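Everything on this sheet refers to the single structure shown next.
Both ligands and their constituent atoms are indexed starting at 1 by order of listing. Predicted, not measured: the structure shown is a model, and the values here were computed from it.
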Amino acid sequence: DSNAAPKLFVPKFEDYQQVYNEIANRLEEKEDYDDGSYGPVLVRLAWHASGTYDKETGTGGSNGATMRFSPESDHGANAGLKAARDFLEPVKAKFPWITYSDLWILAGVCSIQEMLGPAIPYRAGRQDRDVAACTPDGRLPDAAQGQDHLRNIFYRMGFNDQEIVALCGAHALGRCHSDRSGYSGPWTFSPTVLTNDYYKLLLDEKWQWKKWNGPKQYEDKTTKSLMMLPADMAIIQDKKFKEWVKVYAADNDKFFQDFSAVVNKLFELGVPFKEGTETWTFKPVNA
Ligand code: DDH
């Protein structure tokens with residue numbers, strides 16, 4: 001029947017696994033970036049796309065990929081994330097059927113898994129939205145602040161104290177860049193491998209104010225090569241948060257289990273999935 005409508009391409013698990021593999025292979029290829037991987041900055045992109053969510057108004061979240069547009073791309077918190085978005089452009093060009101919103105989150109999932117973290121469940125179905133859906137500045141956490149601010153920001157997204165502490169473990173990955181946030185240095189000695197070292201270092205090291213002209217941050221007394229933000233320190237200064245820091249410092253399996261669950265929740269905030277959308281787990285390349 002020549003009048004039949006053209007068949008719509010409906011991507012399946014195998015198609016998304018191919019996108020996953022492409023991102024994983026690009027991570028391998030581009031290992032001259034930063035500490036040897038684009039993984040951390042891709043995780044940060046997925047988190048900043050998601051962490052704008054406001055449960056009261058249902059606005060923000062990863063459905064939309066509105067950080068493609070100014071003003072959201074120019075928000076101070078998003079400085080440097082162009083590197084992550086640009087890294088993914090050739091992937092988008094090769095698989096034009098995937099939305100930016102699904103691609104950015106898939107890249108976060110892929111990066112965590114390829115950096116030897118836990119499997120992160122994934123559902124597809126995010127739709128890109130236009131500039132009108134950009135969120136106002138100020139929805140992401142301010143590194144200079146403490147526990148009250150953390151609670152205000154993360155309770156607004158719908159997280160509890162345990163989940164806040166589990167999410168912070170992502171700072172085992174990557175580093176601060178003086179030309180992006182103004183802060184400087186990595187949190188751990190292995191910034192391209194996910195471990196519970198962030199919690200162990202918080203508890204075991206002595207932290208002192210770094211003497212420099214930059215924004216107020218901590219350095220470890222022993223090597224002066226690691227850093228903590230005031231917002232990181234808040235989770236051992238607050239008694240309730242600190243209980244969870246101890247749990248995760250003592251038990252990497254427990255951290256991985258809770259991290260997987262909370263990152264899955266973060267990445268799905270505000271996404272109107274169709275009923276019956278399947279949950280997938282991608283096969284790691286770097287296993
Ligand atoms: Fe973060 N983060 N983050 N972060 N973050 C920075 C880097 C990275 C805060 C501030 C900063 C999360 C929570 C918080 C990652 C993941 C996650 C930088 C440095 C600052 C500043 C940016 C730069 O200079 O390049 C604050 C404050 C909080 C908080 O209050 C809780 C969460 C929840 C995550 C997550 O992924 C779940 C990652 C990864 C990086 C490293 C990026 C890179 O390029 O390397």
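Tyr199 and Phe255 have perpendicular rings, their planes meeting at more than 60° on a 0 to 90° scale where under 30° would count as parallel. Aromatic ring pairs are classed by plane angle as parallel below 30°, tilted from 30° to 60° and perpendicular above 60°; the pair His171 and Tyr198 is perpendicular.
Remark: Asp137 pairs with no residue by the salt bridge (Lys or Arg N to Asp or Glu O under 4.0 Å) rule, at least two apart or across chains.
Within the 4.0 Å heavy-atom criterion, the part of Leu150 lying near ligand 1 is the side chain and not the backbone. Residue contacts with ligand 1, taken as heavy atom pairs separated by less than 4.0 Å, involve Ala231 solely via side-chain atoms from C-beta onward.
In the model, Tyr100 has no side-chain atom that pairs as donor or acceptor with a side-chain atom of Gln127 under 3.5 Å. Inspection of the Gln18 and Asp15 side chains reveals no N or O donor paired with an N or O acceptor under 3.5 Å. Using modelled atom types, one finds no donor on one side chain facing an acceptor on the other under 3.5 Å when comparing Glu31 with Tyr38. In summary, the side chains of Thr188 and Arg175 do not present any donor paired with an acceptor at a separation below 3.5 Å, with no hydrogens or angles considered.
For the pair Gly60 and Thr135, the tightest heavy-atom approach, listed with the atom from each and the gap, is CA-CG2, 3.4 Å.
Checked against the 6.0 Å centroid criterion, the rings of Phe13 and Phe282 qualify as a close aromatic pair. A centroid separation of 6.0 Å or more is found between the aromatic rings of Trp104 and Phe87. Ring centers of Trp97 and Tyr16: under 6.0 Å apart, within the cut-off.
Protein heavy atom in closest approach to atom 39 (C) of ligand 1: Pro40 O, 3.3 Å. Closest to atom 43 (C) of ligand 1, if we only count protein heavy atoms, is Arg175 O, 3.6 Å. Of the protein's non-hydrogen atoms, Cys176 SG, 3.4 Å is the one closest to atom 19 (C) of ligand 1. With respect to atom 25 (O) of ligand 1, the closest heavy atom belonging to the protein is His177 ND1, 2.6 Å.
Protein atoms of type N/O/S that fall under 2.8 Å from atom 1 (Fe) of ligand 1 number 1 in this view.
Contact annotation: Leu229 has at least one heavy atom less than 4.0 Å from an atom of ligand 1. Ligand 1 lies less than 4.0 angstrom from a heavy atom belonging to Trp187.
Residue Ser181 places at least one N or O, backbone or side chain, under 3.5 Å from an N or O of ligand 1.
Taking every non-hydrogen atom of Phe154 and a distance limit under 4.0 Å, the qualifying atoms of ligand 1 come out as 31 (C).
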